[in-house]
Amino acid sequence: MRWTLLAVILLKSILALPIAAHAADALPTPQTELAAALNDLRTVPPHRQPLIRYLSLYAVPVDRQKKVAATVSYLLNALSQRRLIARPVPVGKTLLRIELDQFTTNEKVLAQWIQSWDAMAAVEPYWHMQTESIAVTNNRKRIPQQTQVVTIDAPWIVANHAMDLRKRTGSIGALLRADYFVAIASLPPRYYELAGVPRTEQEFLKSLGVDSKQIEQLRASAGANLIRSNITQKPRRIIWQPGPLGGVYATLDVEKVTADRDPIRRAISEKNLQLQYDASEWFAMRANGLWVTALFDRAGRRQDSVPDRIAKDTSDPQGDGIVVPMLSCIRCHRQSGLQGFTDDQSRLLRSGVELRSTDRKIIDRVAEFYDEPRLQRQMNFDRELYAEAVKRATGGMKPTEIAEH
């Protein structure tokens with residue numbers, strides 16, 4: 001009994017000691033990163049440990065680690081619904097500590113982040129494996145019922161370390177590779193989940209504090225029509241609405257150009273002159289000055305991508321050309337998220353093209369809606385907000401640099 005008690009005391013003492021780190025000249029591995037994360041987590045008060053996650057830069061070339069760390073910080077803040085700009089805490093040379101409540105506004109949002117993080121961890125191949133588990137109803141006869149895919153700790157890491165990290169954080173995978181996180185969290189469905197983008201356009205506007213009907217009554221919006229967009233290679237309408245957090249921008253895009261799908265011919269959506277379109281792309285300013293992006297179809301239903309018959313993503317020559325929210329939007333819109341353009345509708349009005357209608361109100365509404373100087377001023381203001389937010393989130397990077405990384 002005395003020796004058993006001594007063994008227990010000795011084991012507890014060993015577990016409380018810092019885990020041996022890799023030699024200074026050795027390359028980091030999943031196991032050494034796991035050890036470093038656990039060492040750091042032990043310095044965090046127990047009540048805070050469930051909120052801690054880690055991202056590792058061990059697989060990133062040394063000369064690119066600083067830029068990737070800045071990109072991670074940008075993405076986390078672009079997903080955040082808080083006004084606060086919060087940057088990950090460096091742990092050693094290759095580890096970043098994330099505190100989830102710095103990017104979430106309430107318990108519901110925090111729960112969604114935890115759920116989405118675990119969904120990413122469940123299929124990552126660096127600290128975990130997926131296998132099939134057989135459910136049984138009788139332990140003696142082991143009668144199989146059905147199999148299910150489960151995630152287990154990878155055999156190349158120390159099981160006790162992984163178990164301790166999981167116990168302290170409550171997460172199946174509190175440690176992920178930074179490049180893996182950026183690749184998965186910047187695409188649907190994880191992007192929409194983490195960014196809190198609702199399933200419908202109406203709910204999206206409501207989440208931003210935007211009342212489109214009230215804005216229309218106040219004549220507070222402005223827009224532009226492009227005869228040929230450099231993005232879609234077709235006619236395109238751009239609409240700006242003011243929101244309490246900043247500008248909210250939408251494009252109305254078409255697959256085929258017909259009379260009722262041409263924004264120049266349908267200069268205003270009024271009575272029988274409704275412009276028909278097939279998809280819309282949204283850029284909306286968040287409380288922290290970064291953009292949240294979303295795609296919706298004509299019915300206002302959230303979409304994971306734009307059909308390539310409507311638009312192509314040409315920002316990556318090696319890519320498949322499919323436009324997706326966040327990744328395509330930021331990579332393509334290099335000028336602080338809003339591409340420069342000339343409003344062809346205003347140009348036509350300035351050239352003396354006469355508008356004809358039996359309803360004078362329609363003519364007046366067209367003239368006031370296509371106010372290019374005001375639209376450009378608003379866009380410049382939002383670009384400046386975004387550029388400053390990018391600088392704070394990344395430690396000095398410019399929007400063009402973020403688009404490259």
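The analysis underlying the following values was restricted to heavy atoms, covering all of them including side chains, and did not include hydrogens, waters or symmetry mates.
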Sequence-distant partners of I184, side-chain contact (heavy atoms from CB on, under 4.5 Å), two or more places apart | M120, Y180, R190
Would you say S351's side chain and L348's backbone share a donor-acceptor pair under 3.5 angstrom?
-> yes
Taking all non-hydrogen atoms of both residues, which atom of F369 and which atom of S221 are closest, and how far apart?
-> CE1-OG, 3.6 Å
I would like to know whether R166 and D153 meet side-chain contact (heavy atoms from CB on, under 4.5 Å); could you show each step before the answer?
-> CA-CA 10 Å; R166 184 166 58 251; D153 296 321; 2.8 Å; yes
Distance in Å, D320 CG paired with D313 CG, rounded so as to fall on 0.5 Å steps | 8.0 Å
Donor-acceptor contact present, side-chain S80 to main-chain L76, <3.5 Å | no
NZ or CZ of R298 within 45° of Y277 ring axis and under 6.0 Å = yes
Using the test side-chain contact (heavy atoms from CB on, under 4.5 Å), find all partners of E99 that sit at least two apart in sequence or belong to another chain.
-> R48, I52, R97, D101, Q102
Taking 4.0 angstrom as the limit, do D344 and R347 come out as a salt bridge?
-> yes
Main-chain N/O of K312 paired with D308 side-chain donor or acceptor, under 3.5 Å = no
Would you please test R237 and D253 for salt bridge (Lys or Arg N to Asp or Glu O under 4.0 Å) and show each step?
-> CA-CA 7 Å; R237 173 167 295 168; D253 298 311; over 6 Å; no
If you measure from CD1 on I264 to CG on N225, what distance do you get to the nearest 0.5 Å?
-> 4.5 Å
Main-chain N/O of P50 paired to T169 side chain as donor or acceptor, under 3.5 Å | no
Heavy-atom side-chain proximity of R168 to R42 below 4.5 angstrom = yes
In this structure, are over 12 heavy atoms from other groups packed under 6.0 Å from R199 atom CZ?
-> no
E193 side, atom CD; S116 side, atom OG - distance, nearest 0.5 Å | 3.5 Å
Between L290 and Y386, is any pair of side-chain heavy atoms under 4.5 Å apart?
-> yes
Any salt bridge between R177 and E124, counting N to O under 4.0 Å?
-> no
Candidate list T32, L175, T29, test side-chain contact (heavy atoms from CB on, under 4.5 Å), partner S56, passing option | L175
Donor-acceptor contact present, side-chain D164 to main-chain N160, <3.5 Å = no
Close side-chain approach of L295 and Y192, heavy atoms under 4.5 Å = yes
May I ask you to say whether R374 pairs ionically with D371, meaning some side-chain N is under 4.0 Å from a carboxylate O?
-> no
Indicate whether any N or O donor in one side chain lies under 3.5 Å from an N or O acceptor in the other, for R266 and Q274.
-> no
Just by distance, with hydrogens left out, do E33 and T94 show a side-chain donor and acceptor under 3.5 Å apart?
-> yes
For Q376 and F341, run side-chain contact (heavy atoms from CB on, under 4.5 Å): C-alpha distance rounded to whole Å, both residues' side-chain angles, the deciding distance at 0.1 Å, then the answer.
-> CA-CA 9 Å; Q376 295 294 350; F341 60 83; 4.1 Å; yes
Least distance between heavy atoms, A122 atom then Q130 atom = O-NE2, 3.3 Å
Residue pairs meeting salt bridge (Lys or Arg N to Asp or Glu O under 4.0 Å), one or both in residues 277-295, sequence neighbours left out, come to R236-E281, R261-D278
Nearest 0.5 Å please: distance from the CG atom of L338 over to the CE atom of M379.
-> 4.5 Å
Any side-chain donor near an acceptor of the partner, N380 and R377, under 3.5 Å = no
Nearest heavy atoms of V109 and T105, plus distance in Å | CG2-OG1, 3.7 Å
Would you indicate whether the side-chain heavy atoms of P263 and L252 approach each other to under 4.5 Å?
-> no
Say you draw a straight line from CG of L110 to OG1 of T104; how long is it, rounded to the nearest 0.5 Å?
-> 4.5 Å
Any side-chain heavy-atom pair from S346 and Y370 closer than 4.5 angstrom?
-> yes
At their closest point, which heavy atom of N77 faces which heavy atom of I85, and how far apart are they?
-> OD1-CA, 3.5 Å
Would you find more than 12 non-hydrogen atoms of other residues, nucleotides or ligands less than 6.0 Å from Q339 atom CD?
-> yes
In Å and rounded to the nearest 0.5 Å, what is the NZ to CZ distance from K256 to R309?
-> 9.0 Å
Strictly by modelled atom types, are D382 and Y249 linked by a side-chain donor-acceptor pair under 3.5 Å?
-> yes
Do the charged groups of E216 and R365 touch, with an N to O distance under 4.0 Å?
-> yes
Below 4.5 Å, heavy atoms only, C-beta onward: do Y74 and I330 meet side chain to side chain?
-> yes
Give a yes or no answer on whether the side chain of E203 reaches the backbone of P198 with a donor-acceptor pair at less than 3.5 Å.
-> no
Any donor-acceptor N/O pair, W127 side chain to P30 backbone, under 3.5 Å | yes
Salt-bridged, K206 to D211, with N to O below 4.0 Å?
-> no
Would a 4.5 Å heavy-atom cut-off, applied to side chains only, mark M285 and W291 as touching?
-> yes
Return yes when atom CD of Q214 has more than 12 non-hydrogen atoms of other residues, nucleotides or ligands closer than 6.0 Å, and no otherwise.
-> yes
What are the two closest non-hydrogen atoms of P325 and D304, and how far apart are they?
-> CD-O, 3.2 Å
Run the numbers on E368 and R219 for side-chain contact (heavy atoms from CB on, under 4.5 Å), then give the verdict.
-> CA-CA 8 Å; E368 66 186 5; R219 299 296 191 262; 2.8 Å; yes
Is there side-chain contact between I238 and L226, with at least one heavy-atom pair below 4.5 Å?
-> yes
Is there a donor-acceptor pair closer than 3.5 Å between any side-chain N or O of E401 and the backbone N or O of K398?
-> yes
Quick one: closest heavy-atom pair of L79 and A185, and the distance?
-> CD2-O, 4.0 Å
If you draw a 6.0 Å radius around NZ in K391, do more than 12 non-hydrogen atoms from other residues or ligands fall strictly inside?
-> no
Salt bridge E255-K234, side-chain N to carboxylate O under 4.0 Å | no
Output, in order, the C-alpha distance, side-chain angles, deciding distance and verdict of side-chain contact (heavy atoms from CB on, under 4.5 Å) for N288 and L84.
-> CA-CA 6 Å; N288 61 12; L84 172 73; over 6 Å; no
Return the orientation label for the W282 and F296 ring planes: parallel under 30°, perpendicular over 60°, tilted otherwise.
-> perpendicular
